[in-house]
2 protein chains.
Amino acid sequence: MTNSVDAERTQTKPGKRERLVEAAVRVFYEQGIEKTTIADIARVAEVPVGNVYYYFKTKDQLIEAAIGAHARSLDQIVAELERLDDPRERLKSLIQGWVDGRELAVRFGCPFGSLTAELTKRADPLDGHAAEVMRALVDWAERQFAIMGRSDARELAVALIASYQGISLLTNAFRDPGLMAAEGDRLARWIDSL
Amino acid sequence: MTNSVDAERTQTKPGKRERLVEAAVRVFYEQGIEKTTIADIARVAEVPVGNVYYYFKTKDQLIEAAIGAHARSLDQIVAELERLDDPRERLKSLIQGWVDGRELAVRFGCPFGSLTAELTKRADPLDGHAAEVMRALVDWAERQFAIMGRSDARELAVALIASYQGISLLTNAFRDPGLMAAEGDRLARWIDSL
DNA sequence: GTCTATACCACGATAGAC
DNA sequence: GTCTATCGTGGTATAGAC
């Protein structure tokens, strides 16, 4: 239940907070933020409802934690891509990852895009945090295009990420994974042509 | 209050139902579906809350009416574009319309895309109705590319609409109308190059 | 730290006077 | 056809026993 380190520090049971964040990420993605209740998240995390408030005082704090999890997730993906030498291969590998996840996109769209879209319709300043994560992705893509010697790297990076966000929405709306696959091929050919 | 025709037919005050639909479209767009209450719509439409239920028995019916309004709106846009002779000019005129509306995109994204995205996260079959409207737009774009002699017309149409949906999301997330303007220019050059 | 019970409020929807 | 008052439900968040 408690590992040796945590037991000595009189901390909470390890994993509980993490389970809540994981559950929040998943349920926000599948149901949307507004439709999910604290009880939904607690159930998926297998934590009693009332206990959630020990870890997160408000629903907004759970949203913020979910954004943080997406940021770490993106860091991991980028670190993996950086192991490739050629910027073209990096970008095409990123695209391949999108295509590989197309069945999820069919059901719920882009995990991070749908979250960002929902957050911009809120009053709280949480949408700014989501935008930062999105910006990190665009910045990374821009760097790859710059290495390729493109002076219009920023514009190309924005266009690439926009294409992914848009095709995620259409794939989701039309429930057709083939759209994502075809657009992935098209974008890969485009990268090679630059 | 009642015009001569309606008075004789013992109908409801003219415009009241229309005002409710208009208000629904606007408030759903600005706040998102889940966050808007019947009271919100009633207030904007300047109709007493309880009276809403005379026109629409459920919130879902208001959503359906809003989708219908978007469909009619799209029909109007397309009819306007059809007055141009060249398919390239039609597509570029469509794009110009998107760029002209960039300040709204900064605040709330694409009026119809954000609605569609939200509806796919619902249980009801309402998302299918939204998808039909989106499909009508893709179909129209496909026809233009086909007239241009492209055998890959469908793929190009999907890519075009996806780019718009995606750049709307980024324009909204980053609060930067310049993104939409730059992407509009890029897409116009792309159309000319085909 | 954990969990139950519950306060409190906002929303969708309805009843029924006018 | 219009409008007020209200019911029932379900949500966030808290109090306080363990």
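Chain naming here is simple, since letters A, B, ... match the order of the sequence lines and numbering starts at 1 in each. We use all heavy atoms of the structure for the numbers below, so side chains are in, but hydrogens, waters and symmetry mates are not. Bear in mind that the values here come from a model prediction, so they are computed numbers and not experimental data.
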| remark: Residue pairs passing the ring-ring contact (aromatic ring centres under 6.0 Å, His included) test with at least one member in residues 99-127 of chain A, sequence neighbours excluded, are A/Tyr29-A/Phe108, A/His70-A/Phe112
Any protein N or O atoms within reach of nucleotides 10-12 of chain C? Criterion: under 3.5 Å, listing atom names and distances.
from   : atom 1 : to      : atom 2 : distance (Å)
C/dG12 : OP2    : B/Ile38 : N      : 3.0

| query | Rounded to whole angstrom units, what separation is found between the CD1 atom of B/Ile41 and the C1' atom of C/dA13? | reply | 14 Å
| task | Could you tell me the separation between the OH atom of B/Tyr54 and the C1' atom of C/dC18, rounded to a whole number of Å? | result | 15 Å
| remark: Rounded to whole Å, the CD-P distance (A/Glu46 to C/dC3) equals 12 Å
| request: Classify the side-chain pair B/Thr120/B/Asp127 by whether it contains a donor and acceptor separated by less than 3.5 Å. | output: no
| query | Is A/Arg90 salt-bridged to A/Glu82, going by a charged N under 4.0 Å from an acidic O? | reply | yes
| query | Is a side-chain donor or acceptor of B/Glu103 paired with a backbone partner of B/Pro177 at a separation under 3.5 angstrom? | reply | no
| Salt-bridge criterion met for A/Asp86 and A/Lys92 (N-O under 4.0 Å) | no
For residues 179-187 of chain A, which side-chain N or O atoms pair as donor and acceptor with protein atoms under 3.5 Å away, sequence neighbours left out?
from     : atom 1 : to       : atom 2 : distance (Å)
A/Glu183 : OE1    : A/Arg186 : NH1    : 3.1
A/Glu183 : OE2    : A/Arg186 : NH1    : 2.8

| request: Please report, rounded to the nearest Å, how far the C1' atom of D/dT12 is from the CG atom of A/Asn51. | output: 16 Å
| query | Any side-chain N or O of B/Lys16 under 4.0 Å from OP1/OP2 of D/dT2? | reply | yes
| request: Starting at atom CZ of B/Phe56, determine the distance to atom P of D/dT2, rounded to an integer number of angstrom. | output: 13 Å
